[in-house]
Amino acid sequence: MDADTATSPEHRIPTHEDPAFRVFIDSLSYLKPDELALVREAYAFAAAAHAGQKRYSGEAYITHPLAVAGALAEWQMDVQAVIAALLHDVMEDTSVTKAQIAERFGRHVAELVDGLSKLDKIEFQSHQEAQAENFRKMLMAMARDLRVVLIKLADRLHNLQTMSHVRAEKRRRIATETLEIYAPIANRLGLNKVFRQLQDLSFELIHPLRAKVIARALRAARGNRRELLSRILDNVNGKMAEAGIQAMVFGREKSLYSIYRKMEEKRLSFSQVLDIYGFRVVVRDVPTCYLALGALHALYKPVPGKFKDYIAIPKVNGYQSLHTTLIGPYGTPIEVQIRTEEMHHVAQEGVASHWLYKDAEQSGADLQKKTAKWLQSLLELQSGTRDSAEFLEHVKIDLFPDEVYVFTPKGQIMELPRGATAVDFAYMVHTDIGNRCVAARINQELMPLRTELKNGDQVEIITAAHANPNPAWLSYVRTGRARSKIRHFLKAMQHEESAQLGENLLGQELQHLGVQAAALPETCWEELMRESGNRSLKEIYTDIGLGKRIAAVVARRLLAKDGVMTEEPVPLSTVVIRGTEGMAIQLAQCCCPIPGDPIIGSIRKGQGLVVHTHDCPGIRKSRSSEPKKWIDVEWQPAEGKLFETRIRVTAKNARGVLAAMAAAIADANSNIENINMEEKTPGLYTTLQFTIQVANRGHLARILRSLRLIPEVVRIGRVRGE
Ligand code: MN
């Protein structure tokens with residue numbers, strides 16, 4: 001979004017001899033010589049493309065991409081990211097195309113630049129909290145590649161730093177957007193430094209006066225406290241030297257914005273906010289961290305219960321440090337973080353996310369699970385390789401693999417399951433819109449209703465007063481809401497039409513199995529009717545048309561009657577999947593679906609209908625290679641029935657923990673079928689797998705919640721498809 005350009009003929013393109021460019025090249029010493037050559041080429045390319053453009057400040061435009069690329073160099077990003085940063089505005093502001101970039105700098109760079117241009121096109125409109133959250137998710141989902149987000153953050157940072165010539169209204173808008181969207185993203189990615197910079201810069205742009213007052217007060221306070229601060233610093237440094245520990249000790253400063261927020265939110269005075277002194281001790285290696293801790297505890301009395309060992313037990317996002325609070329001179333509380341340099345680096349610039357801790361509760365268990373999974377893979381990658389280029393290469397963001405985010409014409413953001421169509425969207429907006437929809441305009445273009453929606457699409461539904469839902473929609477809608485609304489309407493519609501639809505669906509299914517409906521002997525149909533209790537063939541068709549029975553299931557039973565297919569064993573258990581009367585049902589052992597889970601089924605020889613959860617990793621391959629084999633199925637409400645599922649709990653080894661867990665599970669009216677010990681770190685933690693019986697997802701959530709209340713339990717989650 002760098003429309004802040006003005007063309008003027010008397011421009012001057014900075015050359016390779018410019019000091020700024022030389023500083024930039026020097027900062028890239030971690031790249032190989034051939035990579036450096038490519039960076040130089042990209043710079044020349046960008047400079048030529050932006051020739052004649054100026055920023056509002058009057059500087060040549062190329063100074064901006066150069067600064068953005070400089071930030072990327074500071075983070076030691078790979079060559080592709082650095083080049084993409086240099087080129088990040090060329091598609092937006094000049095006539096350069098993606099193909100040209102690909103030809104010159106490769107497909108990966110072109111993808112990155114294209115991704116950035118796409119991000120620039122979507123605009124944040126509403127300022128409600130929920131909207132902001134969705135917008136952030138959409139940005140992340142659209143970015144796909146973490147490097148796109150990082151370049152975007154660097155871009156935003158530099159824009160904020162150079163806003164003084166931009167008109168006030170635009171300045172405020174961009175700063176507000178930064179506070180609501182980009183700063184939280186930086187925070188979640190663990191980019192601590194950028195996060196604080198974005199916040200403080202935005203704060204200064206939105207509330208220049210308040211920022212000035214706080215900054216002045218902070219300077220004054222620094223003066224007043226200098227004596228105490230340096231006394232503590234001296235004491236700590238002296239103690240470290242005495243213990244023979246090489247350490248760097250820093251006072252930690254709070255950011256302007258965090259002081260402002262604390263004053264506002266907690267109604268504290270400035271001096272109350274500043275009353276806690278923060279220090280950071282950075283040492284050479286892990287054993288030294290503990291030595292330093294011991295030395296500090298000998299120097300000042302620690303506050304009981306405030307010590308936390310995030311080195312032995314890192315936070316899920318990879319953060320490591322020792323935390324302790326000491327009672328300093330005059331009873332001043334001193335918060336100290338002790339860490340190695342490497343830990344410090346991760347804490348400042350790491351891409352690991354704070355998502356899990358900050359927002360888990362608000363955003364629900366699903367997000368938490370997915371994020372945890374993502375983080376897990378992130379951490380595995382991180383520990384597997386020290387090469388950041390290779391690391392980033394693998395970090396394709398798939399934070400929200402199951403959702404898409406689209407816009408309404410008014411700029412509202414809607415969250416839909418992946419694969420959702422324009423019809424799902426229509427029903428999401430309003431039942432009447434769904435029932436009357438006839439076409440969709442997606443990104444200004446007329447598209448069929450069955451079009452799958454993509455992240456960032458702008459969707460407008462075209463309705464007609466006398467239109468009706470089409471039964472065929474049932475075959476492609478994704479949301480339960482759309483399906484039930486369509487069914488509801490169809491039910492009210494004449495059975496005649498449902499019967500017709502049912503006949504067609506069954507005919508198609510039989511054909512798919514290589515049989516013509518008309519060729520089946522009369523006896524098959526008669527037997528089927530007798531078994532199912534339907535009085536006529538038309539009733540069966542109607543049931544299928546209304547979605548009460550699944551055409552694929554009926555077709556197979558018919559063929560079994562004819563001896564074409566072998567009869568599947570009919571289970572004694574009650575029916576749990578809608579429309580499968582008479583068919584064997586197996587809930588897959590890999591993912592253990594329970595009512596409430598989105599499910600999908602596949603008919604397997606000798607097994608009947610095998611039902612998996614939608615997100616079961618074990619079926620991903622088959623779903624894409626043979627999508628025809630998979631049928632969307634739905635749970636049939638089953639009162640009083642219990643289902644097996646598995647959970648994994650990691651707990652501190654302590655007397656009575658297992659008993660407490662068993663009691664919590666029993667108290668929640670569940671049964672433990674089996675307990676498996678997964679791993680045991682001597683003396684520390686044990687991970688257990690419980691196979692338990694639950695009625696549905698709500699029941700499982702209650703059990704997990706009460707297990708979480710046990711203090712020794714450190715991690716808990718459902719076992720997914722293993
Ligand atoms: Mn830019």
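Just so you know, ligand 1 is whichever comes first in the structure, and atom 1 is the first atom listed for that ligand.
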*Asks:* Could you tell me whether E341 and R284 make a salt bridge, using a distance below 4.0 angstrom between a side-chain N and a carboxylate O?
*Replies:*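 So E341 does not pair with R284 through a salt bridge.
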
*Asks:* Assess H64: does it contribute an N, O or S atom lying under 2.8 Å from the Mn ion (ligand 1)?
*Replies:* yes

*Asks:* Of all the N, O or S atoms in D89, which has the shortest distance to the Mn ion (ligand 1)?
*Replies:* OD2

*Asks:* Which heavy atom of A69 sits nearest to which heavy atom of V82, and what is that distance?
*Replies:*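 In this case the closest contact between A69 and V82 is CB-O, 3.9 Å.
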
*Asks:* Please report the closest heavy-atom contact between R620 and D615, naming both atoms and the distance.
*Replies:* NH2-O, 4.2 Å

*Asks:* Do you see an N/O/S atom of D155, backbone or side chain, under 2.8 Å from the Mn ion (ligand 1)?
*Replies:*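 A backbone or side-chain N, O or S atom of D155 is under 2.8 Å from the Mn ion (ligand 1).
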
*Asks:* How far apart are the closest heavy atoms of I151 and A84, and which atoms are they?
*Replies:*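 Closest heavy-atom pair between I151 and A84: CD1-CB, 3.8 Å.
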
